[in-house]
Amino acid sequence: MKDIYQVINKVRISEKATMLHETAGEIVFEVRCDATKIEIKQAVKKMFGKNVVSVRTANYDGKERRRRRADAGKTARWKKAYVRLADGETLDLV
């Protein structure tokens with residue numbers, strides 16, 4: 001297993017993520033692209049001490065971006081994890 005502090009990059013805070021947290025008890029994390037669901041579950045359990053019920057992941061490819069006329073490049077690809085906590089458990093993000 002990778003170091004747990006390398007698996008989770010940051011917490012994604014957006015309107016959708018806030019609604020998921022309030023209604024379904026899910027938290028959205030940005031994780032490493034090569035992290036598995038089991039590693040994400042173990043990292044959340046060790047870092048925050050919360051019981052995890054399920055983990056869903058989504059991969060996002062980098063988008064093509066242009067600067068000036070001829071300069072073209074891509075943004076980095078990334079992975080998002082939706083982590084559902086056990087009933088009655090919350091994670092204070094603020």
Side-chain angles (χ1 to χ4, degrees):
M1 180 179 152
K2 300 173 194 64
D3 183 27
I4 61 170
Y5 297 104
Q6 293 179 351
V7 173
I8 297 175
N9 292 338
K10 61 183 174 181
V11 178
R12 300 283 297 190
I13 299 176
S14 64
E15 188 173 349
K16 180 180 177 181
T18 304
M19 292 299 294
L20 280 173
H21 183 60
E22 291 174 357
T23 58
E26 290 188 0
I27 302 167
V28 182
F29 293 103
E30 187 174 323
V31 296
R32 286 178 55 132
C33 291
D34 60 346
T36 63
K37 291 181 182 184
I38 295 169
E39 290 173 346
I40 295 167
K41 183 176 181 177
Q42 291 172 351
V44 170
K45 190 169 186 175
K46 285 184 181 179
M47 287 177 72
F48 301 110
K50 303 293 180 180
N51 291 329
V52 176
V53 175
S54 66
V55 177
R56 295 180 294 141
T57 58
N59 291 310
Y60 292 92
D61 289 329
K63 296 180 181 178
E64 186 174 323
R65 298 290 185 208
R66 293 187 177 274
R67 282 180 269 148
R68 299 188 191 156
R69 293 185 181 173
D71 293 339
K74 288 185 82 169
T75 58
R77 64 188 187 110
W78 56 287
K79 187 174 192 176
K80 188 192 298 188
Y82 297 94
V83 177
R84 178 171 289 194
L85 299 177
D87 289 337
E89 291 198 10
T90 60
L91 183 63
D92 191 21
L93 300 175
V94 180

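What you see is a predicted model; the values in this text were computed from it and never measured.
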| message | Side-chain heavy atoms nearer than 4.5 Å, only ILVMFWY residues, links allowed to pass through others: does that put Y5 and V83 together? | response |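 Both belong to a single hydrophobic cluster.
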
| Are V11 and I8 joined in one hydrophobic group, where the rule is that I, L, V, M, F, W and Y side chains link up if heavy atoms are under 4.5 Å apart? |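 V11 and I8: one cluster.
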
Spacing of [atom1] belonging to [X] relative to [atom2] belonging to [Y], to within rounding of 0.5 Å:
{"X": "I27", "Y": "T18", "atom1": "CD1", "atom2": "OG1", "answer": "11.0 Å"}
{"X": "F48", "Y": "I4", "atom1": "CZ", "atom2": "CD1", "answer": "9.0 Å"}
{"X": "D34", "Y": "E39", "atom1": "CG", "atom2": "CD", "answer": "7.0 Å"}
{"X": "W78", "Y": "K10", "atom1": "CH2", "atom2": "NZ", "answer": "8.5 Å"}
{"X": "E26", "Y": "R56", "atom1": "CD", "atom2": "CZ", "answer": "4.5 Å"}

| query | Where do N9 and R32 land on the side chain to side chain contact (heavy atoms under 4.5 Å, CB included) test, with the steps shown first? | reply | CA-CA 7 Å; N9 292 338; R32 286 178 55 132; 4.1 Å; yes

| field | K79, R12, R77 screened by salt bridge (Lys or Arg N to Asp or Glu O under 4.0 Å) with E30, the one that passes | value |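 Per the salt bridge (Lys or Arg N to Asp or Glu O under 4.0 Å) rule, the option paired with E30 is R12, out of K79, R12, R77.
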
| query | If you take all heavy atoms of A86 and V53, which pair is closest and at what distance? | reply |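 Shortest heavy-atom separation between A86 and V53 comes out as CA-CG2, 3.4 Å.
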
| said: For K41 versus V55, what's the shortest heavy-atom pair and its separation? | reply: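 Heavy atoms only, the tightest pair is CB-CG2, 4.1 Å.
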
Within the 4.5 Å heavy-atom criterion, are [X] and [Y] side-chain neighbours or not?
{"X": "M19", "Y": "E22", "value": "yes"}
{"X": "R84", "Y": "V52", "value": "no"}
{"X": "F29", "Y": "V44", "value": "yes"}

| request: Check the surroundings of atom CE in M47: do more than 12 heavy atoms from other residues, nucleotides or ligands lie under 6.0 Å from it? | output: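 For M47, atom CE is crowded (more than 12 foreign heavy atoms under 6.0 Å).
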
| message | Counting neighbours of CG on D87 that are heavy atoms of other residues, nucleotides or ligands and sit closer than 6.0 Å, is the number greater than 12? | response |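 At most 12 heavy atoms, drawn from other residues, nucleotides or ligands, come within 6.0 Å of this atom.
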
| Got a donor-acceptor contact below 3.5 angstrom from the K50 side chain to the T90 backbone? |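 Here the side-chain-to-backbone pair exists.
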
